[in-house]
Undergrad: 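Submitted below is the structure of interest, expressed as structure tokens.
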There are 2 protein chains.
Amino acid sequence: MATVRDYSVEHCSLARTLEIVGERWTLLIVRDAFYGVQRFADFVAHLRIPRAILSERLSLLVESGVLAKEPGPGRREHYTLTDKGIALWPALRTLIAWGDQFYAPNGPRRYFLHADDNGEVDQAGTCLECGKLLSARDYAAVPGPAARPPGPDADVVTRTLARPHRLLDPITG
Amino acid sequence: MATVRDYSVEHCSLARTLEIVGERWTLLIVRDAFYGVQRFADFVAHLRIPRAILSERLSLLVESGVLAKEPGPGRREHYTLTDKGIALWPALRTLIAWGDQFYAPNGPRRYFLHADDNGEVDQAGTCLECGKLLSARDYAAVPGPAARPPGPDADVVTRTLARPHRLLDPITG
DNA sequence: GCAGTTAGGTTCAGTTTCTGAACTTAGCGT
DNA sequence: ACGCTAAGTTCAGAAACTGAACCTAACTGC
């Protein structure tokens with residue numbers, strides 16, 4: 001276990017990337033980490049991912065330097081994105097944008113805007129309002145037209161994201 | 001078969017995207033399609049992917065509108081990217097860029113430059129040489145510093161990519 | 001027009017991976 | 001010490017992947 005899956009295809013950079021983040025669930029975990037999810041139980045509750053899989057994926061992500069595992073009080077360790085993990089934001093954003101383009105007829109359920117001025121951000125990561133070049137921490141996830149109000153028994157993450165939330169701001173369960 | 005895997009996680013656009021292109025091999029197939037691979041046998045030879053998997057993934061990609069299956073002479077059908085498929089280029093490019101950044105200490109094995117003037121291209125897709133905003137068809141895949149010369153028994157795709165090759169230009173086996 | 005070749009699959013048995021539920025373990029508050 | 005909680009581990013059944021062998025519909029050469 002904890003071995004990385006191997007596309008023997010003469011290692012191009014895409015195969016390398018997919019060996020790290022290409023397995024089922026992995027990119028969703030990373031996305032949740034951008035939302036600010038840090039704790040095991042919160043990943044489980046939000047993604048409804050089997051605990052065994054989450055455990056294995058988190059280990060792989062830590063091992064490959066995308067996440068860091070930091071001890072908390074007691075067993076409450078938390079997982080946070082490293083710089084290498086944060087560097088995945090452009091890739092995540094373009095994948096999300098493709099889904100928005102083709103699978104969100106009523107508009108996206110979530111916008112990613114410049115947290116400071118609510119400006120839209122172009123593909124290069126430049127805020128159309130203020131012209132600044134943004135990094136992941138400058139974005140806010142904001143409910144879009146297709147967002148649905150969270151049910152009464154929704155998990156913390158869903159409830160937190162029902163209102164604008166700056167990326168990488170910890171969501172505490 | 002041909003059912004799409006389901007992340008029941010309240011369908012955000014990333015989950016939707018991953019349901020289409022998130023399975024093992026799928027993005028490598030799409031990348032090869034950008035290189036100009038169109039035929040079943042060429043995908044098999046270049047990716048060394050099991051034929052059963054390739055068959056299933058191609059069906060899924062056609063079904064979801066990323067590829068189109070076009071009849072050729074006899075059984076030589078070819079698969080080509082649709083506009084929806086071509087729209088995946090920015091996502092593919094950012095994923096490749098991440099791999100280049102962290103897993104290519106001696107430089108990438110492949111650059112993606114503006115085919116007309118060999119200019120580098122920024123994250124937004126603007127050529128730094130001529131300033132034009134490029135689409136996938138304007139790029140050329142060019143061997144980088146870490147490229148290795150193809151062996152004598154290399155497949156057509158590897159041999160074709162050993163010299164600059166414009167994206168989406170068909171590679172004929 | 002028939003035999004051989006080629007391309008694009010399908011089938012199948014063995015292996016790996018995923019899933020969901022139940023169980024374990026370590027620290028914390030009282 | 002007692003139970004609670006958070007973070008895993010274990011396990012059996014289901015699904016997906018793998019590699020090799022097989023199949024079949026066009027073409028090709030004769």
Side-chain angles (χ1 to χ4, degrees), chain A residues 1-9 15 18-19 22-29 32-33 37-63 67-80 155-157 170-173, chain B residues 1-9 15 18-19 22-29 32-33 37-63 67-80 155-157 170-173:
Chain A
M1 78 199 55
T3 60
V4 164
R5 84 173 160 179
D6 176 42
Y7 293 105
S8 54
V9 65
L18 294 177
E19 279 171 4
E23 287 178 297
R24 189 146 154 66
W25 294 110
T26 303
L27 273 180
L28 291 171
I29 293 169
D32 270 23
V37 177
Q38 302 189 328
R39 302 245 311 272
F40 193 93
D42 292 336
F43 285 110
V44 170
H46 187 229
L47 296 176
R48 309 233 213 100
I49 179 179
R51 308 166 73 78
I53 300 293
L54 177 61
S55 179
E56 199 218 332
R57 294 292 191 278
L58 287 173
S59 299
L60 281 170
L61 287 169
V62 168
E63 201 175 296
L67 295 180
K69 181 178 191 171
E70 285 160 22
R75 191 166 255 223
R76 288 172 210 220
E77 6 222 2
H78 49 277
Y79 295 90
T80 55
D155 59 285
V156 208
V157 182
I171 291 178
T172 62
Chain B
M1 77 194 57
T3 60
V4 165
R5 82 174 161 178
D6 177 41
Y7 293 107
S8 55
V9 64
L18 293 178
E19 279 171 3
E23 287 178 298
R24 190 144 153 65
W25 295 110
T26 304
L27 273 181
L28 291 172
I29 293 168
D32 270 22
V37 178
Q38 300 188 329
R39 302 245 310 272
F40 192 91
D42 293 337
F43 284 111
V44 170
H46 187 228
L47 295 176
R48 309 231 214 103
I49 178 179
R51 307 166 71 80
I53 301 293
L54 177 61
S55 178
E56 199 218 333
R57 294 293 191 279
L58 287 174
S59 299
L60 280 170
L61 287 170
V62 168
E63 202 176 295
L67 295 181
K69 182 179 190 170
E70 285 160 21
R75 192 165 255 223
R76 288 172 209 220
E77 5 222 2
H78 49 276
Y79 295 90
T80 54
D155 59 285
V156 208
V157 182
I171 291 179
T172 62

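If you're wondering where the values come from, they're calculated on a predicted model, not measured in any experiment. Residue numbering restarts at 1 for every chain, and letters A, B, ... go by the order of the sequence lines.
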Undergrad: Could you tell me whether the phosphate oxygens of D/dA7, OP1 or OP2, come under 4.0 Å of any side-chain nitrogen or oxygen in A/Arg39?
TA: yes
Undergrad: In whole angstroms, how far is the C1' atom of D/dA26 from the CD atom of B/Glu77?
TA: 11 Å
Undergrad: May I ask you to evaluate whether B/Arg24 reaches the phosphate of D/dT18, defined as a side-chain N or O under 4.0 Å from OP1 or OP2?
TA: yes
Undergrad: Within this structure, what is the CZ-to-C1' distance between A/Phe40 and D/dA7, rounded to whole angstrom?
TA: 6 Å
Undergrad: Cut-off 3.5 Å, side chains only: do B/Gln38 and B/Thr80 have a donor facing an acceptor?
TA: no
Undergrad: A/Phe43 has an atom CZ; how far is it from atom P of D/dG8, in whole Å?
TA: 11 Å
Undergrad: Test for a donor-acceptor pair under 3.5 Å between the base of D/dA7 and the side chain of A/Arg51, counting only N and O atoms.
TA: yes
Undergrad: Less than 4.0 angstrom between a side-chain N/O of A/Arg57 and OP1 or OP2 of D/dG8, yes or no?
TA: no
Undergrad: Can you work out whether B/Ala52 or A/His78 has the more 5'-proximal nearest nucleotide on DNA chain D?
TA: A/His78
Undergrad: Does D/dA7 have OP1 or OP2 under 4.0 Å away from a side-chain N or O of A/Ser55?
TA: no
Undergrad: According to a strict under-4.0 Å criterion, is A/Arg76 in side-chain N/O contact with OP1 or OP2 of C/dC28?
TA: no
Undergrad: May I ask you to evaluate whether B/Trp25 reaches the phosphate of D/dT18, defined as a side-chain N or O under 4.0 Å from OP1 or OP2?
TA: yes
Undergrad: Got a second to check how far B/Leu28's CG is from B/His46's NE2, nearest 0.5 Å?
TA: 9.5 Å
Undergrad: Please report, rounded to the nearest Å, how far the P atom of C/dT10 is from the CD1 atom of B/Ile53.
TA: 12 Å
Undergrad: Within the side chain of B/Arg51, is there an N or O that forms a donor-acceptor pair under 3.5 Å with the backbone of B/Phe40?
TA: no
Undergrad: Using 0.5 Å steps for rounding, measure from the OG1 atom of B/Thr172 to the NE2 atom of B/His78.
TA: 11.5 Å
Undergrad: Look only at the side chain of B/Thr26 and the backbone of B/Gly22, and say whether a donor-acceptor pair between them is shorter than 3.5 Å.
TA: no
Undergrad: What's B/Tyr79 touching, base or sugar-phosphate or nothing? Going by heavy atoms closer than 4.0 Å.
TA: sugar-phosphate
Undergrad: Nearest whole angstrom, please: distance from the C1' of C/dT16 to the CD of B/Glu23.
TA: 16 Å
Undergrad: Can you check the B/Glu56 CD to D/dA16 P distance for me, whole Å?
TA: 8 Å
Undergrad: B/Leu47 has an atom CG; how far is it from atom C1' of D/dC17, in whole Å?
TA: 15 Å
Undergrad: Whole angstroms only, please: what is the CG-C1' distance between A/Leu60 and D/dG8?
TA: 15 Å
